[in-house]
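Here's the structure we're looking at; comments come further down.
Remember, it's a predicted structure, so these values are computed and weren't measured experimentally.
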Amino acid sequence: MNLPHRWIHYLGKTALLAAALAAFATLGAAPSLRADDNDCQRRINRADHRLHEAIEHHGYRSSEADSARHNLAEAREYCWGHGHRWWDADSQTWRTEHDWRDEDHEHYRDHDRDEHP
């Protein structure tokens, strides 16, 4: 009886199958990670742009700007919850620290149309 030869044969097939499954799982997950990154980047860019527009058209302290600022914070929280990082639209980089500010774009206060005569 050739029991050790059969065991080696089955172990070889099992190892090959395990390697194939591991490769498939790794390569199969990569596109979905990129899709999540693209979704987060798109969400934050859109929310950031809407905040810029709201400040430009309605003023820094307007209800429209507050709403847009809230939507930007929600987009950042969504990305943080899904990947523990967020897209910084101003510097065009991914950030891995939970360090954004809720009072975002405060540098616009100097240019707020409501503060000038």
Q: Take Ile55 and Glu64 through the test side-chain contact (heavy atoms from CB on, under 4.5 Å) and record every step on the way to the result.
A: CA-CA 8 Å; Ile55 292 171; Glu64 292 86 357; over 6 Å; no
Q) So, do Ile44 and Arg76 sit near enough that their side-chain heavy atoms are less than 4.5 Å apart? A) yes
Q: Mark yes when over 12 heavy atoms from residues, nucleotides or ligands other than Glu97 sit less than 6.0 Å from its CD; otherwise mark no.
A: no
Q) Any side-chain heavy atom of Tyr78 within less than 4.5 Å of one from Trp86? A) no
Q | Donor on one side chain, acceptor on other, Trp87 and Asn45, under 3.5 Å | A | yes
Q. How long is the span from the CZ atom in Arg42 to the SG atom in Cys79, to the nearest 0.5 Å?
A. 10.5 Å
Q.
If you compare all heavy atoms of Ala68 against all heavy atoms of Ala54, which two are closest, and at what distance to 0.1 Å?
A. CB-CB, 4.2 Å
Q | Value rounded to 0.5 Å, distance of OG in Ser63 from NE2 in His58 | A | 8.0 Å
Q: Quick one: list whatever passes side-chain hydrogen bond (donor to acceptor under 3.5 Å, both in side chains) with Arg46, sequence neighbours left out.
A: none
Q: Step by step, work out the side-chain contact (heavy atoms from CB on, under 4.5 Å) result for His98 and Trp80.
A: CA-CA 8 Å; His98 192 289; Trp80 184 258; 3.4 Å; yes
Q: State, with a plain yes or no, whether a side-chain heavy atom of Asp90 is found less than 4.5 Å away from one of His52.
A: yes
**Q.** Check: Ser91/Asp88 side-chain N/O donor and acceptor closer than 3.5 Å
**A.** yes
Q: Could you list the residues that satisfy side-chain hydrogen bond (donor to acceptor under 3.5 Å, both in side chains) with His82, not counting sequence neighbours?
A: none
Q) If only atom types and distance count, is the side chain of Arg50 paired as donor or acceptor with the main-chain N or O of Asn71 below 3.5 Å? A) no
